[in-house]
**Q** 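First the structure, then my questions, so here it is.
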Amino acid sequence: MSELNNIALKILSNGKGILATDESTGTMTKRLEDVNVPSTPENRLLFRETLFSSESMKNCIGGVILYDETIKQTSNLKKTIPELIFSSGAISGIKVDTGAKILANSPDEKITEGLDGLRERLKKYYKLGARFTKWRGVYIISNKYPSKLSIHSNAHALARYSALVQECGMVPIVEPEVLMDGNHSAEDCFNKTSEVIKKCFEELILNKVELAGTILKPNMILPGSNSNQKITNEEIANLTLKCLKESVPSEIPGIAFLSGGQTEKEATKNLNLINLNNNTDFIMSYSYGRALQQSALKFWSKDINNIKGTQDIFNHRTNMCTLAAQGKWSEELETK
Ligand code: 13P
């Protein structure tokens with residue numbers, strides 16, 4: 001087993017998942033302003049370190065994705081953020097793309113940037129304690145999108161990013177997110193997501209990326225958020241499994257889903273059904289942002305010094321997700 005494969009397995013084994021707290025300052029400001037908390041560096045740190053010092057970090061969270069600001073911050077407990085995360089047994093990761101920009105010659109679509117100077121930035125993040133990274137490509141669905149251009153350009157960028165990350169001794173998370181926005185059907189999502197993922201692996205292989213040292217972070221197969229299609233959670237789980245079984249090479253050790261706008265409960269329930277029906281060799285876990293933080297953030301915003309109350313909510317959420325990553329979640333446990 002290679003060192004990179006070891007890291008990937010350590011992050012995702014035994015029902016552990018990833019806490020995605022890599023919102024850029026712009027996105028985090030929006031999240032905080034939505035709950036009437038001023039977006040200062042101190043408040044961003046306070047919320048995040050409240051989560052990072054929660055009890056459930058030890059048993060549920062294998063990796064935390066950080067943003068550039070956070071990985072350089074020192075917690076109020078006088079540890080650097082990577083030290084705080086490491087003390088609970090989890091591994092620090094870092095978002096290294098610099099965001100999705102308008103794709104030239106297809107202005108409705110986006111291409112993720114950040115390759116220039118990436119090798120040098122990666123070395124700095126490694127020194128700060130990061131052992132895995134994230135890069136997110138985004139794709140929209142409509143009858144003409146995602147275009148071949150968007151599918152090809154984003155796959156190319158994801159592959160070049162992954163190769164550089166592995167060269168630096170870290171595990172790349174490859175995140176091709178086919179957005180839920182739109183009125184498309186689940187079948188459309190299945191077809192487009194399959195095409196996107198297949199192209200990503202074609203490029204990863206061309207770039208000689210070690211697949212055993214790579215984690216895939218895909219969307220689940222869902223109808224568009226404005227679609228009238230009614231589909232059961234079982235159907236979502238089965239379509240998602242079929243897509244991944246057909247599109248992902250068997251060398252990939254683990255898949256960690258994004259929540260992508262699903263509610264906390266939906267994201268948990270769907271993950272549980274995916275694991276109950278898992279007919280692949282892949283570990284199927286989570287790398288949730290909103291579906292791990294939403295309730296905790298809402299509670300915290302009412303009294304930002306109520307650390308214990310915020311952590312209780314976060315602990316419950318992470319426990320539910322870790323049960324779902326093992327197919328052991330139930331409605332009864334959810335509401336207990
Ligand atoms: P969500 O789970 O909120 O979709 O965030 C995951 C993520 O890291 C998006 O890049």
Side-chain angles (χ1 to χ4, degrees), residues 11-12 17-32 34-35 47-48 51 60-71 90-101 110-114 130 132-141 154 157-158 161-162 165 171-182 189 193 196-197 200 215-222 224-225 236 240 254-271 274 284-298 314 317-318 320-322 324-325:
I11 295 171
L12 295 180
I18 299 172
L19 168 61
T21 54
D22 58 314
E23 300 86 357
S24 64
T25 299
T27 302
M28 195 58 187
T29 297
K30 190 174 172 310
R31 299 254 197 280
L32 291 178
D34 283 348
V35 291
F47 178 65
R48 286 165 165 160
L51 306 186
C60 301
I61 301 297
V64 180
I65 318 176
L66 301 168
Y67 182 61
D68 181 73
E69 175 185 69
T70 325
I71 199 171
I91 298 178
S92 291
I94 179 80
K95 184 232 292 289
V96 300
D97 67 65
T98 55
K101 310 285 158 60
K110 298 218 166 123
I111 175 71
T112 302
E113 296 188 347
F132 75 102
T133 64
K134 178 188 120 171
W135 179 292
R136 171 174 173 262
V138 280
Y139 309 82
I140 51 172
I141 298 189
N154 277 296
L158 277 161
Y161 138 82
S162 299
V165 168
V171 167
I173 292 188
V174 171
E175 182 181 10
E177 177 174 6
V178 180
L179 295 172
M180 217 205 280
D181 308 348
C189 179
T193 303
V196 161
I197 293 179
C200 285
I215 293 172
L216 177 69
K217 173 163 173 167
N219 49 285
M220 293 180 192
I221 304 300
L222 301 162
S225 46
I236 290 170
T240 303
I255 292 175
F257 293 98
L258 59 96
S259 59
Q262 297 182 74
T263 63
E264 293 177 344
K265 192 172 157 193
E266 283 289 307
T268 312
K269 187 172 184 172
N270 287 333
L271 178 64
I274 287 170
M284 297 282 187
S285 190
Y286 58 91
S287 175
Y288 293 162
R290 285 161 288 178
L292 278 176
Q293 300 181 74
Q294 226 157 33
S295 298
L297 179 64
K298 203 164 155 201
F314 178 70
R317 202 64 257 137
T318 46
M320 291 303 108
C321 286
T322 278

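Atoms within each ligand, like the ligands themselves, are counted from 1 in listed order.
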**Q** Please check: side-chain N/O of Gln262 versus main-chain N/O of Thr268, any donor-acceptor pairing under 3.5 Å?
**A** no
**Q** Backbone N or O of Ile65 within a donor-acceptor pair of the Ser92 side chain at under 3.5 Å?
**A** no
**Q** Where do Cys189 and Met220 come nearest, in terms of heavy atoms and distance?
**A** SG-O, 4.0 Å
**Q** Please determine whether any non-hydrogen atom of Ala291 lies less than 4.0 Å from an atom of ligand 1.
**A**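 Flag not set, Ala291 not near ligand 1.
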**Q** With a cut-off of 4.0 Å, which atoms of ligand 1 are near a heavy atom of Ser259?
**A** 1 (P), 2 (O), 3 (O), 4 (O)
**Q** Considering all heavy atoms of both residues, which atom of Ser285 and which atom of Leu271 are nearest to each other, and what is their separation?
**A**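 Taking every non-hydrogen atom into account, O-CD1, 3.6 Å.
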**Q** Report the member of Arg136, Arg290, Lys217 with the shortest heavy-atom distance to atom 6 (C) of ligand 1.
**A**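 Of the listed residues, Lys217 has the closest heavy atom.
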**Q** Checking a contact table here: which protein heavy atom is nearest atom 4 (O) of ligand 1, and how many Å away?
**A**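 Protein heavy atom at minimum distance: Gly260 N, 2.7 Å.
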**Q** Out of all atoms in ligand 1, which are within 4.0 Å of some heavy atom of Ala20? Include the element for each.
**A**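 In order of number, 8 (O).
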**Q** When only distance counts, is Gly289 in polar contact with ligand 1, meaning an N/O pair under 3.5 Å?
**A**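 There is such a contact, yes.
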**Q** If you measure from atom 10 (O) of ligand 1 to every heavy atom of Lys95, Glu177, Lys134, which option wins on shortest distance?
**A**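 The option holding the nearest heavy atom is Lys134.
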**Q** Under 4.0 Å from a heavy atom of Tyr288: give me the atoms of ligand 1 that qualify, with their elements.
**A**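 With Tyr288 as reference, the close atoms of ligand 1 come out as 2 (O).
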**Q** Out of the candidates Lys95, Arg136, Arg48, only one should pair with Glu23 under the salt bridge (Lys or Arg N to Asp or Glu O under 4.0 Å) rule; please name it.
**A** Arg48
**Q** Before giving the answer on side chain to side chain donor-acceptor pair (under 3.5 Å), spell out for Thr27 and Tyr67 the whole-Å C-alpha distance, their side-chain angles and the decisive distance to 0.1 Å.
**A** CA-CA 11 Å; Thr27 302; Tyr67 182 61; over 6 Å; no
